[in-house]
Amino acid sequence: MDSGDIFLSGAKMLKYCGFEHLCDIAFVLFVINWIILRHGCYNLVFYHAVTKAMKIMDGNCIDHPENEICYTDSAMNFFFILLGGLQIITIFWLFMILRVAWKVISGNNAEDVRSDDDDSE
């Protein structure tokens, strides 16, 4: 999933070097990579983990004392909640990314909305 960071960092470097058009292309590649990996592949893996983990790891620690680590149903559900929370955060990030993408599509350049402006002081 971190392969998208290469495109995002590349887009930032191209922006700082003044290559606006190449920056926009790298940003589009980042957006495509983000959507496919963070919202496609991640949800597929998450779905299979939720639906199949309870069957694979039965959560019965008493029957398997030789196991060093035992995940009970409540422990697995806790991890699933955390993984679901991560997906909620990435949906929020996707919204912010799509806002920047809309600016690029509408003819403006990609701007980092988190950057501080020195002109405001």
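Side chains included, hydrogens not; waters and symmetry mates left out as well; all remaining heavy atoms used. Along the sequence shown, the residues carry numbers beginning at 1.
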Val100 vs Met96, side chain to side chain contact (heavy atoms under 4.5 Å, CB included): CA-CA, chis, key distance, verdict
CA-CA 7 Å; Val100 174; Met96 293 174 51; over 6 Å; no
Those residues at least two apart in sequence (or on a different chain) that pass side-chain contact (heavy atoms from CB on, under 4.5 Å) with Val50 are Phe46, Phe80
Output for pair (Asp5 CG, Lys12 NZ), nearest 0.5 Å, gives 9.0 Å
side-chain contact (heavy atoms from CB on, under 4.5 Å) filter on Phe19, not counting sequence neighbours, yields Leu14, Cys17, Leu22
The reported gap from CZ in Phe95 to CG in Leu98 (rounded to nearest 0.5 angstrom) is 8.5 Å
Heavy-atom closest pair (Glu20 atom, Lys15 atom, distance to 0.1 Å) is OE1-NZ, 3.2 Å
Note: Leu94 and Trp34 closest approach over all heavy atoms is CD1-CD1, 3.7 Å
>> Tell me if a side-chain donor or acceptor on Asn43 pairs with a main-chain N or O of His39 at a distance below 3.5 Å.
In response: yes
By side-chain contact (heavy atoms from CB on, under 4.5 Å), Ile6 pairs with (sequence neighbours left out) none
Subject >> Verify same cluster id: Val31, Trp93 (apolar side-chain graph, 4.5 Å) >> reply: yes
Do Ile81 and Tyr47 share a hydrophobic cluster (ILVMFWY, side-chain heavy atoms under 4.5 Å, transitive)?
-> no
To the nearest 0.5 Å, atom CZ of Phe79 lies from atom CE of Met76 at 10.0 Å
task = Identify whether Phe78 and Ile88 are in the same connected component of the hydrophobic contact network (ILVMFWY, side-chain heavy atoms under 4.5 Å).
result = no
Applying side chain to side chain donor-acceptor pair (under 3.5 Å) to Ser74 and not counting sequence neighbours gives Thr72
Requested in this report: Kindly work out whether a path of hydrophobic side-chain contacts (I/L/V/M/F/W/Y, heavy atoms less than 4.5 Å apart) joins Tyr16 to Met13.
Outcome: no
Please tell me whether Ile97 and Ile91 are part of a single hydrophobic cluster in this structure, the criterion being side-chain heavy atoms less than 4.5 Å apart. no
Rounded to the nearest 0.5 angstrom, the SG-CZ distance for Cys23 and Phe30 is 12.0 Å
In short, Ala26 meets Phe7 closest at the heavy-atom pair O-CB, 3.7 Å
